[in-house]
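Right, one structure below, let's go through it.
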Amino acid sequence: PVEIKELYDNTEKYIDKEVETCGWVRSIRDSKTFGFITVNDGTFFKPIQVVYSDKLNNFSEISKTNIGAALIIKGKLVATPNAKQPFEIQAEEVIIEGESTGDYPLQKKRHSFEYLRTISHLRPRTNTFQAVFRVRSLCAYAIHKFFQEQGFVYVHTPLITGSDCEGAGEMFQVTTLNLNNVPKDEEGNTDYSKDFFSKPTNLTVSGQLNGETYAMAFKKIYTFGPTFRAENSNTTRHAAEFWMIEPEIAFADLEDDMELAEAMIKFIIKYVLENAPEEMDFFNSFVDKGLLDRLNHVVNSDFGRVTYTEAIDILKQHNDEFEYKVEWGCDLQTEHERYLTEKIFKRPVFVTDYPKEIKAFYMKLNDDGKTVAAMDCLVPGIGEIIGGSQREEKEDVLRKRMKELGLNEKDYEFYLDLRKYGTARHAGFGLGFERMIMYLTGMGNIRDVIPFPRTVNNCEL
Ligand code: 4AD
Ligand code: MG
């Protein structure tokens with residue numbers, strides 16, 4: 001069968017000719033002697049219309065077909081200059097490959113996203129989720145393209161680790177111990193010598209520490225894989241399982257890091273706008289009016305820059321508008337992040353040089369001894385989309401910092417080795433893949449940009 005995308009791309013080649021195509025029924029209506037079916041095969045955002053008549057010997061069978069059924073259609077492709085769609089197929093044969101029962105949950109009406117989450121195995125057959133998941137796929141490709149074209153090496157970092165990169169203790173433990181009968185040592189602590197790895201392990205919260213080791217060999221690397229966080233935040237922007245892109249560059253500082261991040265975001269936006277025009281128009285019309293103008297503006301303007309200290313000074317003047325009042329030293333909440341990027345800068349903005357107390361152990365201490373060379377990239381509608389930093393390359397400073405935070409140096413010997421054997425300035429960041437998709441599509445809930453989302457209290461399908 002010819003794919004529907006091919007019929008749209010090379011229409012002239014097929015017009016007035018016999019074609020065979022296939023797909024799933026999106027809608028069907030019939031009268032006594034003829035009927036219309038719209039069919040989508042998933043290769044293109046738009047469906048194709050099929051006209052059939054009682055000249056077909058299975059006419060009544062076709063008319064009984066339900067939405068969702070899988071069909072094979074043979075017939076002539078004819079131009080329909082006066083109709084909404086550019087062409088249709090006048091069916092000469094309609095084969096019912098797989099009937100759909102009458103209780104098919106997707107009917108030809110608008111279903112709420114909440115409802116569609118309960119049928120995440122079927123929602124990719126709707127317009128919205130066809131658009132979301134094609135954009136997700138293209139976005140992944142754009143990211144690889146961006147890094148590969150510049151010679152970055154793609155590193156596969158492990159998913160099971162013994163360390164806690166972010167030091168936030170938000171990890172899913174990995175164990176083969178029987179939870180109903182956990183072995184104890186003489187002191188009554190869990191005896192991990194009986195566990196698979198003979199030590200406590202967890203799903204990774206970030207590939208960064210392993211990524212850094214490869215940056216110290218390949219100069220510029222990136223990771224792109226799943227990460228896991230047992231954050232008990234039931235928000236529209238947090239998932240327990242999400243994908244992260246983590247480039248790491250050696251002989252580079254925070255400024256280089258921000259330039260890379262900005263170039264990457266602009267590249268992704270341009271790529272998706274060029275390669276998914278139908279989908280992006282759809283989002284602009286039905287999900288987030290003004291999306292295209294906003295994204296085009298982002299591509300053509302510089303991101304804002306502000307230090308944490310300056311940001312606090314700005315936000316303080318608006319403290320009456322916040323649920324959480326800000327003061328120097330506090331972590332920025334989503335409401336503050338969004339205020340900065342939506343009301344003050346009206347475009348993406350990098351906030352730099354956060355107090356060391358609210359950031360991870362590996363970030364480079366600034367000369368003031370109080371702040372670290374960190375950067376978060378905030379975008380309108382979402383808040384933080386990227387978190388990154390220049391890394392502490394001095395062994396003594398890093399050890400001191402780890403002691404302060406009570407990290408067990410033994411778990412990080414490999415990491416400390418990098419500071420002993422040819423240490424070099426280096427920096428990197430993590431882009432939340434799902435947040436990038438939300439930003440690209442205007443979708444407001446992270447659950448609606450992940451095929452099978454895992455969030456607090458939810459691990460269905
Ligand atoms: O700011 P984070 O915690 O940074 C790191 O993990 C660093 N190790 C990155 C690095 O420097 N290599 O996370 C990075 C990004 C966030 O900005 C956010 O976009 C996303 O990951 N993120 C989440 N996305 C969805 N659900 C969650 N629970 C997320 N937690 C972080
Ligand atoms: Mg962060």
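All of these numbers come straight from a predicted model, not from anything done at the bench. Indexing begins at 1, ligand by ligand and atom by atom, following the structure's order. All heavy atoms count here, side chains included; hydrogens, waters and symmetry mates do not.
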Do [X] and [Y] have a side chain donor and acceptor closer than 3.5 Å?
X	Y	value
Glu321	Tyr339	yes
Asp195	Thr175	yes
Thr204	Thr161	no
Glu393	Tyr362	no
Trp328	Thr309	yes
Arg305	Thr352	no
Thr371	Asn366	yes

Would you mind listing which atoms of ligand 1 come within a distance below 4.0 Å of any non-hydrogen atom of [X]?
X	result
Gly387	1 (O), 9 (C), 10 (C), 11 (O), 17 (O)
Arg391	10 (C), 11 (O), 12 (N)
Ile386	17 (O)
Glu246	7 (C), 8 (N), 9 (C), 10 (C), 12 (N)
Tyr362	7 (C), 8 (N)
Met244	6 (O), 13 (O), 14 (C), 15 (C), 21 (O)
Glu231	27 (C), 28 (N), 30 (N)
Ser206	6 (O), 8 (N)

Q: With heavy atoms under 4.0 Å as the rule, classify the contact between Phe429 and ligand 1 as side chain, backbone, both or neither.
A: backbone
Taking the six-membered ring for Trp, are [X] and [Y] closer than 6.0 Å centroid to centroid?
X	Y	result
Phe322	His336	yes
Phe228	Phe172	no
His156	Tyr154	yes

For [atom], grab the closest protein heavy atom and report residue, atom and distance to one decimal in Å.
atom	answer
atom 1 (O) of ligand 1	Glu384 OE2, 3.0 Å
atom 26 (N) of ligand 1	Ala239 N, 3.0 Å
atom 7 (C) of ligand 1	Glu166 OE2, 3.3 Å
atom 18 (C) of ligand 1	Arg435 NH1, 3.5 Å
atom 19 (O) of ligand 1	Ile385 O, 2.8 Å
atom 15 (C) of ligand 1	Gly430 O, 3.6 Å
atom 3 (O) of ligand 1	Arg229 NH1, 2.8 Å
atom 23 (C) of ligand 1	Phe242 CE1, 3.4 Å

Q.
Geometry only, no angles: is Leu431 polar-contacting ligand 1 at N/O separations under 3.5 Å?
A. no
(Q) For the 3.5 Å polar cut-off, considering only N or O atoms, please tell me whether His238 and ligand 1 meet it. (A) no
Q: Report the protein N/O/S neighbours of the Mg ion (ligand 2) that fall below 2.8 Å; do not count waters.
A: Glu384 OE2
(Q) Within the 4.5 Å heavy-atom criterion, are Phe429 and Ser389 side-chain neighbours or not? (A)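 No. Closest side-chain heavy atoms not under 4.5 Å.
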Taking only Lys NZ, Arg NE, NH1 and NH2, and the carboxylate oxygens of Asp or Glu, determine whether [X] and [Y] approach each other closer than 4.0 Å.
X	Y	result
Asp191	Lys194	yes
Glu279	Arg134	yes
Glu212	Arg419	yes
Glu357	Lys370	no

Test item, [X] contacting ligand 1 (heavy atom, 4.0 angstrom):
X	value
Glu248	no
Ile446	yes
Glu434	no

Q: Please determine if Lys359 forms a cation-pi arrangement with Tyr354, meaning its NZ or CZ atom is less than 6.0 Å from the six-membered ring centre and no more than 45° off the ring axis.
A: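 Yes.
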Q) Would Glu248 and Arg391 count as a salt bridge (charged side-chain N to carboxylate O under 4.0 Å, His left out) if you check the C-alpha gap in whole Å, the side-chain angles of each, and the deciding distance to 0.1 Å? A) CA-CA 10 Å; Glu248 192 72 32; Arg391 319 307 189 189; 2.8 Å; yes
